[in-house]
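By convention in this document, chain letters (A, B, ...) are assigned in the order of the sequence lines, proteins followed by strands, and residues within each chain are numbered from 1.
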Number of protein chains: 2
Amino acid sequence: MMIDKYRDIGLKLTPQRIAILDYLEGNKDHPSADEIYKAISKRFPTMSFATVYNTLSTLREKGAVLELTIDPAKKRYDPETSRHNHLICVTCKKVVDIPVDFALELPSGARHGFTVMSNHVEFYGLCPACKKQ
Amino acid sequence: MMIDKYRDIGLKLTPQRIAILDYLEGNKDHPSADEIYKAISKRFPTMSFATVYNTLSTLREKGAVLELTIDPAKKRYDPETSRHNHLICVTCKKVVDIPVDFALELPSGARHGFTVMSNHVEFYGLCPACKKQ
DNA sequence: GTACGTGCAAAGGTTTTGCATTACA
DNA sequence: TGTAATGCAAAACCTTTGCACGTAC
């Protein structure tokens, strides 16, 4: 489980961090830092914003979560760190994983001298709930 | 030119808006609102932030600029509104246009009931300047 | 015991808003 | 002239930071 992954990285396992890891484990909602904070502080009232941000920042540095730049209003976090893409509702910003790998290659003429390392595809659309309105 | 496009939309052409349109015309830098403000206020000292944001917001609603959610720190704006993709330097956040259309299709099994409208590919890499360091 | 994490509050950066004034059409 | 944009300042958000205290190891 995720807690083992964290211990293997060699970081201190505090109750707050365990709560965050527990919340993220298998989470498919791509939550924001605020959502994570709100969810955990129900059961953990002394938890502070700074701890959430610190922990997310550490997890990102260790490659244990992805920081998604998908929603202009705030960063969102994804515990699924294997290569995948996303489908985003333009109305409610719901995000779902797309486990398909498109194996995109950039023609060398389009690389502008960059060393290309990776890519990410965002699909935009309307989710079932938003279509009804 | 862009000013004509703007007039055709039926909006008032103020000197401030003309300055913004002029700055964006053919601009390949994907500037942030702050960069637009700074560039224009050199020659137009009374220009306010609110006017830049109001104008960009109006242009976006009319489809005359794209708001890019590419840089976690701030929104960036792109006057090139035809379908294209982007290559981003992970170090300095330089963004260049990729005029290639990859014609990606999402397998229906991966659509989660969404109506898919469009997509956008982000390539990540190191630009020539950042590679040297 | 010590290095590192936590909590609190304040600050930083971007974007939005309210309202009186100004100016395009 | 009337409607809509501008300018200014304050506020709203999200995120980061400094520092004293607490705790995992």
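Phosphate contact (OP1/OP2 of D:dG7, side-chain N/O of B:Thr51, threshold under 4.0 Å): present. Contact check, A:Thr14 against C:dG5: no side-chain N or O comes under 4.0 Å of OP1 or OP2.
A:Glu61 contributes no side-chain N or O that, together with a main-chain N or O of A:Thr58, makes up a donor-acceptor pair within less than 3.5 Å. Between the side chain of A:Asp101 and the backbone N or O of A:Ala103, at least one donor-acceptor pair lies under 3.5 Å. Side chain of B:Arg17 to main chain of B:Thr55: no donor-acceptor pair is present (N/O by atom type, distance under 3.5 Å, no hydrogens or angles).
Distance from the side chain of A:Tyr53 is smallest to D:dT16 among D:dT16, C:dC24, C:dC8. Each of D:dG7, D:dT16, C:dT16 was ranked by its minimum atom distance to the side chain of B:Lys75; first place goes to C:dT16. The nucleotide whose nearest atom lies closest to any side-chain atom of B:Lys74 is, among D:dA24, C:dT14, D:dG7, C:dT14. Among the nucleotides C:dC24, C:dG7, D:dT6, the one closest to the side chain of B:Pro15 is C:dC24. For B:Lys12, taking side-chain heavy atoms from C-beta onward, the closest of the listed nucleotides C:dT6, C:dT16, C:dC24 is C:dC24. Distances were taken from every side-chain heavy atom of B:Ala33 (C-beta onward) to each of D:dC25, C:dT15, D:dT16; the shortest belongs to C:dT15.
Atom CG of B:Asn54 and atom P of C:dT15 are 14 Å apart (whole Å). A:Met47 places its CE atom 14 Å from the P atom of C:dG5, with the value rounded to the nearest Å. In this entry the distance linking OH of B:Tyr77 with P of C:dT15 reads 6 Å, nearest Å. Rounded to whole angstrom, the span from the CD atom of A:Gln16 across to the C1' atom of C:dC4 amounts to 13 Å. Distance CZ (A:Phe44) to C1' (C:dT6): 10 Å, rounded to an integer number of Å.
When each of B:Arg17 and B:Phe49 is assigned the nucleotide of DNA chain D bearing its nearest heavy atom, the one mapping closer to the 5' terminus is B:Arg17.
Within the 6.0 Å centre-distance limit, the rings of B:His120 and B:His86 are counted as a close aromatic pair. The ring of B:Phe102 has its center no closer than 6.0 angstrom to the ring center of A:Phe123.
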